[in-house]
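What follows is one structure encoded as structure tokens, with my remarks underneath.
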Amino acid sequence: MEKNISVLGSTGSIGTQTLEVARNYPHIRVRAISANSNIDLLEKQAREFMPELVGVSDEDRAKELKIRLADTPIRVEGGKEALEAAAAYKKADTVVTAVVGIAGLVPTIEAIKAKKDIALANKETLVTGGHIVTRLAREMGIKIIPVDSEHSAIFQSLMGNPKKRVKRLLLTASGGPFFGKKREELLNITPQDALKHPNWSMGAKVTIDSSTLVNKGLEVIEAKWLFDMDIDKIDVIVHRQSIVHSMVEYEDNAVIAQLGTPDMRLPIQFALTWPDRLPMSENELDLTDIMSLTFEKPDTKTFYALEMAKRAGKAGGTAPTVFNGADEAAVELFLKGELPYLGIAEAIERAMSDIKNIDNPSVEEIFAADKAAREIVYNYRRF
């Protein structure tokens with residue numbers, strides 16, 4: 001069956017791997033792509049896949065790309081509406097949301113309104129607007145298929161089993177580059193140190209979040225909405241090998257897991273071919289090559305942002321948005337050398353304590369909370 005896709009964030013880590021999957025399967029047609037400003041890569045992608053629409057958020061860069069692609073029939077859109085145009089493009093039936101951060105919320109809503117299925121790689125969409133997105137998806141009768149490796153693993157482990165019999169979800173975490181270290185050992189961490197993930201190749205924001213366990217906290221909130229599960233029934237365990245991508249424990253104490261090499265192409269491809277499975281090369285898992293699989297509890301005293309995320313998820317409202325917005329700002333400052341590593345969690349804590357929670361927020365209230373959280377962090381900058 002032909003699959004027509006639009007890729008939001010096509011020049012990022014998930015976006016480029018999505019196009020790699022599409023390259024291997026001619027029945028996956030790329031109808032639209034979009035990115036913020038990397039028009040050199042966008043041009044290459046556009047010339048290879050020949051989408052009908054290319055969106056560029058940066059208007060000046062969009063004008064330049066339009067000139068570059070003048071010899072093609074490709075339509076180039078610029079500005080903040082470009083992402084939404086790609087999300088709702090009429091010839092696409094599935095939208096891969098691979099943009100980073102809260103920027104993915106409105107385009108995802110627009111895609112759902114246009115009755116597009118969502119291959120969700122943007123966890124912030126559900127973290128900040130899960131109550132809006134999941135309700136709208138039900139109303140429009142569309143599917144949200146997770147692309148995150150952990151949520152894809154849970155999705156696969158739930159297949160064929162009654163959800164009412166689920167005892168708990170087990171999200172696995174690699175532990176990042178600082179597993180086993182205590183707070184005093186993290187005082188002089190540099191961005192270069194934090195970007196050295198042991199198993200995965202990801203963008204800078206997600207890699208930093210992995211090192212602080214913020215990413216796992218965001219995934220807990222995402223799982224709450226994806227699988228309609230109470231936060232108290234979602235646990236995190238550290239699995240250093242990143243072979244078991246997550247698990248589901250049932251009431252009879254059976255635990256069903258999905259295993260695979262740490263390769264994001266697998267969950268991306270599954271999201272695009274579900275309920276079918278198609279061949280994939282180069283990422284075979286040979287269990288005889290693995291010496292052991294280990295599982296440990298996370299150190300939530302040192303990496304306490306995980307517990308803050310769980311509290312935000314339980315509180316609901318704008319609390320998860322504040323958590324996420326504060327983290328985005330703090331990571332930005334850390335990468336610029338304007339905030340110490342331990343200041344990331346401290347800045348998030350400050351924002352969460354200073355901003356009043358709003359129940360059942362509108363999209364406008366979500367973005368207002370996000371802005372307020374960022375302003376607190378930008379003014380914090382503790383050294």
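Since this is a predicted model, take the numbers as computed values, not measurements. Basis for what follows: all heavy atoms, side chains included, without hydrogens, waters or symmetry-related copies.
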Please confirm whether the backbone N or O of Ile358 pairs with a side-chain atom of Thr318, one donor and one acceptor, at under 3.5 Å?
yes

Any donor-acceptor pair under 3.5 Å linking the side-chain atoms of Thr288 with those of Asp286?
yes

Around atom NZ of Lys44, are there more than 12 heavy atoms of other residues, nucleotides or ligands at under 6.0 Å?
no

Could you check whether Glu219 and Asn215, counting side-chain N and O atoms only, form a donor-acceptor pair closer than 3.5 Å?
yes

Should Leu41 and Val21 be regarded as members of a common hydrophobic cluster, given that ILVMFWY residues are connected when their side-chain heavy atoms come within less than 4.5 Å of each other, either directly or indirectly?
no

Do any N or O atoms from the side chain of Thr207 and from the backbone of Leu195 form a donor-acceptor pair under 3.5 angstrom?
no

Establish whether Val322 and Leu339 are linked, either directly or via other cluster members, by ILVMFWY side-chain heavy-atom contacts under 4.5 Å.
yes

Under 4.5 Å between side-chain heavy atoms, hopping through other hydrophobics if needed: is there a path connecting Val133 to Val100?
no

Check: Ile118 and Thr97 side chains under 4.5 Å, non-hydrogen atoms
yes

Criterion salt bridge (Lys or Arg N to Asp or Glu O under 4.0 Å) on Arg75 and Glu52, from CA distance to verdict:
CA-CA 6 Å; Arg75 187 173 111 229; Glu52 288 93 343; over 6 Å; no

Once rounded to the nearest 0.5 Å, what's the spacing between atom OG1 of Thr18 and atom CG of Leu272?
6.5 Å

With a 4.5 Å limit on heavy-atom distance, are the side chains of Ile102 and Ile366 in contact?
yes

Verify side chain to side chain donor-acceptor pair (under 3.5 Å) between Thr294 and Gln241, making sure each step is shown before the conclusion.
CA-CA 7 Å; Thr294 60; Gln241 297 79 22; 3.1 Å; yes

Salt bridge or not for Lys182 and Glu185, using N-O below 4.0 Å?
no

Under 4.0 Å between a side-chain nitrogen and a carboxylate oxygen: does that hold for Arg311 and Glu307?
no

Over 12 non-hydrogen atoms of neighbours within 6.0 angstrom of NZ in Lys3
yes

Using modelled atom types and a 3.5 Å cut-off, is there a donor and acceptor pairing between side-chain atoms of Gln269 and backbone atoms of Leu278?
yes

Minimal non-hydrogen separation, Ala103 against Val99, with atom names:
C-CG2, 4.3 Å

With a 3.5 Å distance limit and no angle check, can you tell me whether Thr16 reaches the backbone of Ser13 through a side-chain donor-acceptor pair?
yes

Going only through I, L, V, M, F, W and Y residues with side-chain contacts under 4.5 Å, is there a path from Leu126 to Ile234?
yes

Is a salt bridge present between Glu64 and Arg68, judged by a nitrogen-to-oxygen distance below 4.0 Å?
yes

Does the side chain of Asn324 come under 3.5 Å of the side chain of Lys123 through a donor N or O and an acceptor N or O?
no

Is a salt bridge present between Glu59 and Lys63, judged by a nitrogen-to-oxygen distance below 4.0 Å?
no

Check: Ser157/Gln258 side-chain N/O donor and acceptor closer than 3.5 Å:
no

Could you tell me whether the side chain of Phe227 reaches within less than 4.5 Å of the side chain of His151, counting heavy atoms only?
yes

Under 4.5 Å between side-chain heavy atoms, counting indirect links through other Ile/Leu/Val/Met/Phe/Trp/Tyr residues: same cluster for Phe179 and Ile189 or not?
no

So, Asp232 and Lys224, do they make that salt bridge, N to O below 4.0 Å?
no

Side-chain (Thr321) to main-chain (Ala369) donor-acceptor, under 3.5 angstrom:
no

Quick check against the 3.5 Å criterion: does Glu20 have a side-chain atom that pairs as donor or acceptor with the backbone of Arg265?
no

Are more than 12 heavy atoms from other residues, nucleotides or ligands located less than 6.0 Å from atom CG of Asn188?
no

Side-chain heavy-atom pair Ile154, Leu171 within 4.5 angstrom cut-off
yes

Main chain of Ala254, side chain of Lys167: is a donor-acceptor contact present, judged purely on distance under 3.5 Å?
no

Could you tell me whether a side-chain N or O of Glu365 sits under 3.5 Å from a main-chain N or O of Ser362, the two making a donor and an acceptor?
yes

Are the side chains of Phe334 and Pro191 in contact, using a 4.5 Å heavy-atom criterion?
yes

Hey, is Asp209 close enough to Lys205 for a salt bridge, meaning N to O under 4.0 Å?
yes

Is there a side-chain contact between Ile74 and Leu53 in this structure, where contact means two heavy atoms from C-beta onward sitting under 4.5 Å apart?
no

Is the backbone N or O of Val54 less than 3.5 Å from a side-chain atom of Ser34, with the two atoms forming a donor-acceptor pair by type?
no

With the threshold set at 4.0 Å, does a side-chain nitrogen-carboxylate oxygen contact exist between Lys163 and Asp228?
yes

Salt-bridge criterion met for Arg374 and Glu328 (N-O under 4.0 Å)
yes

Which value, rounded to the nearest 0.5 Å, describes the distance between Thr172 atom OG1 and Arg240 atom CZ?
12.5 Å

Residue that, paired with Val95, satisfies side-chain contact (heavy atoms from CB on, under 4.5 Å) out of Glu110, Lys116, Arg31
Lys116

Would a line drawn from the ring center of Phe178 to the ring center of Tyr341 be shorter than 6.0 Å?
yes

Under 3.5 Å: donor-acceptor pair, side chain of Asp93, backbone of Asn4:
yes

Flag for Asp276-Thr273: side-chain donor and acceptor within less than 3.5 Å
no

Check: Met264 and Ser149 side chains under 4.5 Å, non-hydrogen atoms:
yes

Got Glu296 and Ile237 here, is their nearest side-chain heavy-atom distance under 4.5 Å?
no

Taking the inter-plane angle between the rings of Trp225 and His131 on a 0 to 90° scale, is it parallel (under 30°), tilted (30 to 60°) or perpendicular (over 60°)?
tilted

Is it true that Glu251 and Lys164 make a salt bridge, defined as a side-chain N closer than 4.0 Å to a carboxylate O?
no

